[in-house]
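From a predicted model like this one, the values you see are computed outputs, not experimental measurements. No hydrogens, no waters, no symmetry mates; every other heavy atom, side chains included, goes into these values. All ligand and atom numbering here is 1-based and tracks the order in the structure.
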Amino acid sequence: MARQQIIEPRSGQYNFKTDYSNGDTITWESIERHFSWHVTGKVNMAYECVNRHVVDGFGSKTALHYVEGDVEWKLSYKDLKIETDRWAQVLKNHGVKKGDFLFVFLPKHPDCYIAILAAIKLGAIVGPLFEAFMEEAVRDRISDCEGKFLITNKEFMTRVPREDLPSLEKIFLTDDSINGISIQDELSSVVVKQDILEWVDLEDGLNIHYTSGSTGKPKGIIHAHRAMIHQYITGRWVLDLKEDDVYWCTAHPGWVTGSVYGIFAPLLNRATLVLHGGRFNAHSWYETLEKTGVTVWYSAPTAFRMLMAEGNDILENYDLHNLRHILSVGEPLNPEVIYWGLEHLNLRIHDTWWMTETGAQLIVNLPTTTIKPGSMGKPLPNIEAVVLDDDGKQLPSGEVGHLAIKAPWPGIMKEVWKNPEKFASYFPFGPEWYVAGDLALIDEDGYVFFQGRSDDMINSSGERIGPFEVESKLMEHPAVAEVAVIGKPDPLRGEIVKAFLVLNKGYQEDVNLIEEIRLFVRNRLAAHAAPREIEILSELPKTKISGKILRRELKAREKELVGRK
Ligand code: PRX
């Protein structure tokens, strides 16, 4: 198939087109009219996601469609309201209240979604934890904001270092009562009070997602209930969710995509959500698309590349005719993937750009606009994006600089927990411009092209990994004297974590030791953060004056090696 420079949209009844059809300018203020609080003054994200659809007469519509192997069941919006009310009452009976930090550490199972929404009903600030986190990652997050409550299960509990978490007042278990409170036992006798849902302010805390940067431990990004304005409209315009849609976001709620576009945006738009447990597997993914009749699918470039790598023959075994809209996020979407989508799925793949800190999509490919493969798209209506030089001066089109967004917008983070300096660091040139840390250029048509990070943050399979976190863990291993961790370019995963080590005296390089060191990170921090490659060096490159390790130099060397292959 010819490699087109531009891919035109298909004609269709897209929400964006419908909303703009009468020629009005749509502002953030006019979008607020959608919400019940615009009339009642009573705010709660969970109310808008669940209760209002029941009030509006859509209680029998399927909210969650869960598939895991042979197990499959559905929950209507009415069921979801009842369940989240019951869970909220159990939590409330145990003291959970507005403003408390409550963590949810569960697999991609309806319990995880119910737990999150129930806690939000009480006004608690929810910290969803990625299912593959190991002890250290769990400890860092819960201890940083002194989390008071945790909802988890028996299996995941083995990765919760209880004794290191004195702030944790209560632990709820979804499938057990040993070492915690059994949710099931409590649910069997709970009596839900009428006023179980807590009203909050738009500016009150909604959730906390920990993100990695190039330095230090992960930082807690807190979002406010007002983010729903931005999340709702991107669900409507970018995901193009309509009444009949069956929608699947493949991310776990522990990542921001999994909570914003895996829970809030689709529920605000009253979609039917597909939940599929486990990690990537081509057959079960295609099967899920077919079996549940997914119409709108939001995933990531690494997942698409993994599907491509499985070969296109297996696609013939599946009937994916329901699929009508595909989107991607988290890492650069290379044109090859878009061409694969066109050729084998007969659909465009729409890239979207945003960050944990931004709370929702900012640069997008709307279903109604032309796609330029290689570009992340254009700013969402009401969003202004520019490229700045090192002094904060706006650069002309075509020049590479710091991608910046005019602040504020409704989805933007509320704060970085107990770290105002970090918050301020996103605004190095004053409050007008939020500086993302990404390098980009904007072409003469306004399309934004990603050019890399301006810092050392690693993006592997769309998962954000801080080199410092991995280096700190590696330094705890007795064989390691010095360490530098970088993202090495990788055709499948975008980047892989690569560690350069200098060994302590008395240790020799050998495969068993290297594997032991890799597992040391994997079993204590998280599987996705474990180095896929480890190279032993006799010394690391450092700056002459301060002796700081030059990750940049190691990365440049790797890029050159990859380029030569
Ligand atoms: O570098 C950009 C990359 O992912 C970073 C944000 O990571 P995180 O907070 O984990 O959020 C990921 C999903 C919202 C960005 O600074 N990134 C995100 N989307 C894209 C991207 N890089 C290239 N193209 C994208 N579409």
Anything with a heavy atom under 4.0 Å from ligand 1 counts, so go ahead and list those protein residues by chain and number. Val256, Thr257, Val329, Gly330, Glu331, Pro332, Asp351, Thr352, Trp353, Trp354, Met355, Thr356, Met376, Asp438, Phe450, Arg453, Asn459, Arg464

Sidechain N-carboxylate O distance under 4.0 Å for Glu357, Arg464: yes

Sequence neighbours excluded, every pair satisfying side-chain hydrogen bond (donor to acceptor under 3.5 Å, both in side chains) that has a member inside residues 396-405: Asp390-His402

My understanding is that only residues two or more places apart in sequence, or in another chain, count here; which of them pass ring-ring contact (aromatic ring centres under 6.0 Å, His included) with Phe423? Phe427

Taking Arg324 first and then Asp240, would you say they form a salt bridge - that is, a charged N and a carboxylate O separated by under 4.0 Å? yes

Could you give all pairs that pass the salt bridge (Lys or Arg N to Asp or Glu O under 4.0 Å) test and reach residues 360-381, with sequence neighbours left out? Lys372-Asp443, Lys372-Asp445

Of Tyr232, Tyr14, Tyr20, which is the lone residue that meets ring pair (Phe, Tyr, Trp, His ring centres under 6.0 Å) with Trp237? Tyr20

